[in-house]
Amino acid sequence: MPVPWFLLSLALGRSPVVLSLERLVGPQDATHCSPGLSCRLWDSDILCLPGDIVPAPGPVLAPTHLQTELVLRCQKETDCDLCLRVAVHLAVHGHWEEPEDEEKFGGAADSGVEEPRNASLQAQVVLSFQAYPTARCVLLEVQVPAALVQFGQSVGSVVYDCFEAALGSEVRIWSYTQPRYEKELNHTQQLPALPWLNVSADGDNVHLVLNVSEEQHFGLSLYWNQVQGPPKPRWHKNLTGPQIITLNHTDLVPCLCIQVWPLEPDSVRTNICPFREDPRAHQNLWQAARLRLLTLQSWLLDAPCSLPAEAALCWRAPGGDPCQPLVPPLSWENVTVDKVLEFPLLKGHPNLCVQVNSSEKLQLQECLWADSLGPLKDDVLLLETRGPQDNRSLCALEPSGCTSLPSKASTRAARLGEYLLQDLQSGQCLQLWDDDLGALWACPMDKYIHKRWALVWLACLLFAAALSLILLLKKDHAKGWLRLLKQDVRSGAAARGRAALLLYSADDSGFERLVGALASALCQLPLRVAVDLWSRRELSAQGPVAWFHAQRRQTLQEGGVVVLLFSPGAVALCSEWLQDGVSGPGAHGPHDAFRASLSCVLPDFLQGRAPGSYVGACFDRLLHPDAVPALFRTVPVFTLPSQLPDFLGALQQPRAPRSGRLQERAEQVSRALQPALDSYFHPPGTPAPGRGVGPGAGPGAGDGT
């Protein structure tokens, strides 16, 4: 990038040395060599592939020394780039092998052997440059006449003009021949920095000190430099020197760069990226990185800067065990920031998570499907491996490893191995992935846990029967025992939590993810939440109407509450029912329980049975409570998350005392709900408010006025 002349003067000094730098005219690269040698520069760059060292067939040319020099490449008198000239010094290495006949018969030379010794030498010399964020390799062809070929002696040098680099950058240079006969030469050149810019740290703050004269007016911009795509501006302001800009250390990321230019017509801007090697910046980058689920199979990594990373699926079982990578049978995939990636999944599962590694270290892990499919399930993952001639083997993934089925091991999966194989054969397991080499199956374990608890309950009933007989023998104490037993039953029911049926209209996939996040957050409280998102299999088997009637009857019989979550689509559907008494077929998806529920929800409201059993809610910024039809406002309608404490209070048992932890629980639900709200109202690709850096960050900060 062309550098303003006053910046070059500051960087290189105001002495006559600046004016003595050689100037190159024109944008083309060139090469020249020592007298007697001939050389040529290839027209295009080559791939930087040094290859392995191979034995030399005889005398060869080899680089022996690298010498650098700063020059200026200028388009106009004051429109110049700082450029690095490189001279490669060459020497003849190796020797001709003596023929066996000459050693055996005393040196009767054959004229055909002498010709190669008198021939000229040719070499292809590679120059490799690396200076963040660019890298390139050029190829120089050199020919040395036979008269200059002296074993072990220097034959001259070849000069390359030139490699452009930014002020303050570090340029690493390698040189070797192609093919490579010896270890490559390397050299590091530090280009002069701008003396008027200094970066200093003071606790949690970072200071950018700009030592510019008081009469100098300049523009300053902070931006995220992107490897792919245009830079993302963060802050911009016009200033008069000198200035001290203060940044919080949490704002630092490796791609945070500074752009400065004089406030003059047609001025050229200079860019500096001083934080690319800062450890705090790399730590902040991973803290700011987020994984976003777009569809069942597609997702992306959202981060301020590009970063080297690879991702794989893992299986997370309930109980706090580490997430187990599914590699193999799946493989690690390279990740590009803000690029949509896909996993070859057939179905989603709440226990499936994504792990992102960098430099063989786990940096990020998120269970992307948990919001839409509910909390973790007590399922076991079966890995099917297929071999030749239709041979296959199965193992169950457990914390101790993959247990073969059937097996005599003492693990849970081994004890239930025969039952799991029967479930797989009968189609009760969910297939998550499939290819020619194997498959992954998620098999539910709930029914086996229920069987185990059934035995426990049977033992408790027998104990209760024996206790009743004893109480009958002691009638005076019977009433006291029954009173205590009744209190225990009530406290047990309270500990289980109140049942809550969540009904909503499936307006779009984003709103469904928002509903899933709310349901998952409520499950962390003493509530038993039912929502159609988590019962797709039962909903498809029973039908929406039958499924809703069964859930509503069970919820109300247990003293639970039905939550109507209003959205623009739900309000439109309610208004349609109130006007016509019927909903148009096909207006919503096949799993929309809200549409099916209106046939019996409306009678409850019309006959006055809704208060105490129903609660309404809607999301801030999506719907105002006044938009809810008046019939449904006969029960409390809360806005979320602004009225979360009152909403959670309404979900408690009717006669339960107000808990002192209600505010704490509301804050817990709000924190769990906030990422889903941000994703819904600020989808990927749109800037979120309040994330600017530097003074004046925020809307309107980038106008430069």
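- For the pair F163 and T134, the minimum side-chain heavy-atom distance is below 4.5 Å.
- Checked against a 6.0 Å centroid threshold, the rings of H349 and W315 count as neighbours.
- Listed for the T68 side chain is no donor-acceptor partner under 3.5 Å among the backbone atoms of R85.
- Contact detail for A303 and A289: the closest heavy-atom pair is CB-CB, 4.1 Å.
- A heavy-atom distance below 4.5 Å is found between the side chains of Q67 and H89.
- S520 contributes a side-chain N or O that, together with a main-chain N or O of G516, makes up a donor-acceptor pair within less than 3.5 Å.
- Checked against a 6.0 Å centroid threshold, the rings of F343 and W299 count as neighbours.
- The existence of a salt bridge linking D338 and K232 is confirmed by a sub-4.0 Å separation between a basic side-chain nitrogen and an acidic carboxylate oxygen.
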Test log, rule side-chain contact (heavy atoms from CB on, under 4.5 Å), inputs L514 and L673:
CA-CA 8 Å; L514 187 56; L673 191 60; 4.3 Å; yes
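- Listed here is the closest heavy atom pair of F275 and V253: CB-O, 3.8 Å.
- Looking at D620, its side chain does come within 3.5 Å of a backbone N or O of S642 through a donor-acceptor pair.
- Contact of the V125 side chain with the L139 side chain is not registered, since no non-hydrogen atoms from C-beta on lie closer than 4.5 Å.
- For the residue pair V356 and A309, the shortest heavy atom distance occurs at CG1-CB, 3.8 Å.
- With values rounded to the nearest 0.5 angstrom, H282 atom NE2 is found 10.0 Å from R276 atom CZ.
- Side-chain contact check for C33 versus V142: every heavy-atom pair is 4.5 Å or farther apart.
- Using a cut-off of 4.0 Å between Lys/Arg side-chain N and Asp/Glu carboxylate O, D302 and R290 are scored as not salt-bridged.
- Under a 3.5 Å cut-off, the side chain of S298 and the backbone N or O of T295 do form a donor-acceptor pair.
- Taking the salt bridge (Lys or Arg N to Asp or Glu O under 4.0 Å) definition, one finds that R136 meets it with D29, D45, sequence neighbours left out.
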Derivation of the side-chain contact (heavy atoms from CB on, under 4.5 Å) call for Q124 and W42:
CA-CA 10 Å; Q124 291 184 335; W42 275 37; 3.9 Å; yes
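- In terms of heavy atoms, S306 sits closest to V337 at CA-CG2, 3.9 Å.
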Determine, stepwise, if the pair I173 / L66 fulfils side-chain contact (heavy atoms from CB on, under 4.5 Å).
CA-CA 9 Å; I173 311 168; L66 293 178; 4.2 Å; yes
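- The side-chain contact (heavy atoms from CB on, under 4.5 Å) check on C323 picks up C314, R316, C353, Q355, Q365, with sequence neighbours excluded.
- Checked options V354, L294, T336, V335; the residue passing with L341 is V335 (criterion: side-chain contact (heavy atoms from CB on, under 4.5 Å)).
- Looking at every heavy atom in both residues, L90 comes nearest to S154 through O-OG, 3.3 Å.
- One distance of note links OH of Y176 with CG of N186; it measures 12.5 Å at 0.5 Å rounding.
- Using a 3.5 Å distance cut-off with no hydrogens or angles, the side chains of T240 and H217 do pair a donor with an acceptor.
- In terms of heavy-atom proximity, L293 sits nearest to L368 at CD2-O, 3.5 Å.
- Note: F681 and F619 fail the aromatic proximity criterion, with ring centroids not under 6.0 Å apart.
- Using a 4.5 Å heavy-atom threshold, the side chains of L285 and P254 count as touching.
- Between the CG atom of L24 and the SG atom of C83 there is a distance of 6.5 Å, given to the nearest 0.5 Å.
- One N or O on the side chain of D508 and one on the backbone of F511 form a donor-acceptor pair closer than 3.5 Å.
- For the 3.5 Å distance criterion, the side chains of N284 and T250 fail to qualify, holding no donor opposite an acceptor.
- To the nearest 0.5 angstrom, Q178 atom CD is 11.5 Å from L140 atom CG.
- Between the side chain of Q226 and the main chain of P304, a donor-acceptor pair closer than 3.5 Å is present.
- Counting only distance, with no hydrogens or angles, the side chain of R180 and the backbone of T177 share no donor-acceptor pair below 3.5 Å.
- Using a 4.5 Å heavy-atom cutoff, the side chains of L61 and V92 are in contact.
- The distance from the NZ atom of K237 to the CZ atom of F218 is 11.0 Å, given to the nearest 0.5 Å.
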Set out, in order, the CA-CA distance, both residues' side-chain angles and the distance that settles side-chain hydrogen bond (donor to acceptor under 3.5 Å, both in side chains) for H207 and T246, then state yes or no.
CA-CA 5 Å; H207 300 305; T246 302; 3.3 Å; yes
Mind running salt bridge (Lys or Arg N to Asp or Glu O under 4.0 Å) on E170 and R172 for me, showing each step along the way?
CA-CA 7 Å; E170 182 182 79; R172 298 181 180 180; 3.4 Å; yes
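- A donor-acceptor contact shorter than 3.5 Å is absent between the side chain of T31 and the backbone of Y160.
- Side-chain contact check for V155 versus L121: every heavy-atom pair is 4.5 Å or farther apart.
- Counting heavy atoms of neighbouring residues, nucleotides and ligands inside a 6.0 Å radius, atom CD1 of I46 exceeds 12 of them.
- Rounding to the nearest 0.5 Å gives a distance of 11.0 Å between OG of S128 and CG of L47.
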Take H236 and Y223, measure what side-chain contact (heavy atoms from CB on, under 4.5 Å) needs, and give me the verdict at the end.
CA-CA 9 Å; H236 168 208; Y223 65 94; over 6 Å; no
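- Within the 3.5 Å criterion, the main-chain N or O of P641 finds no donor-acceptor partner in the side chain of S670.
- Put simply, the side chain of W224 reaches to within 4.5 Å of the side chain of L256, judged on heavy atoms.
- For the two cysteine residues C273 and C255, the thiol sulfurs sit 2.5 Å or further apart.
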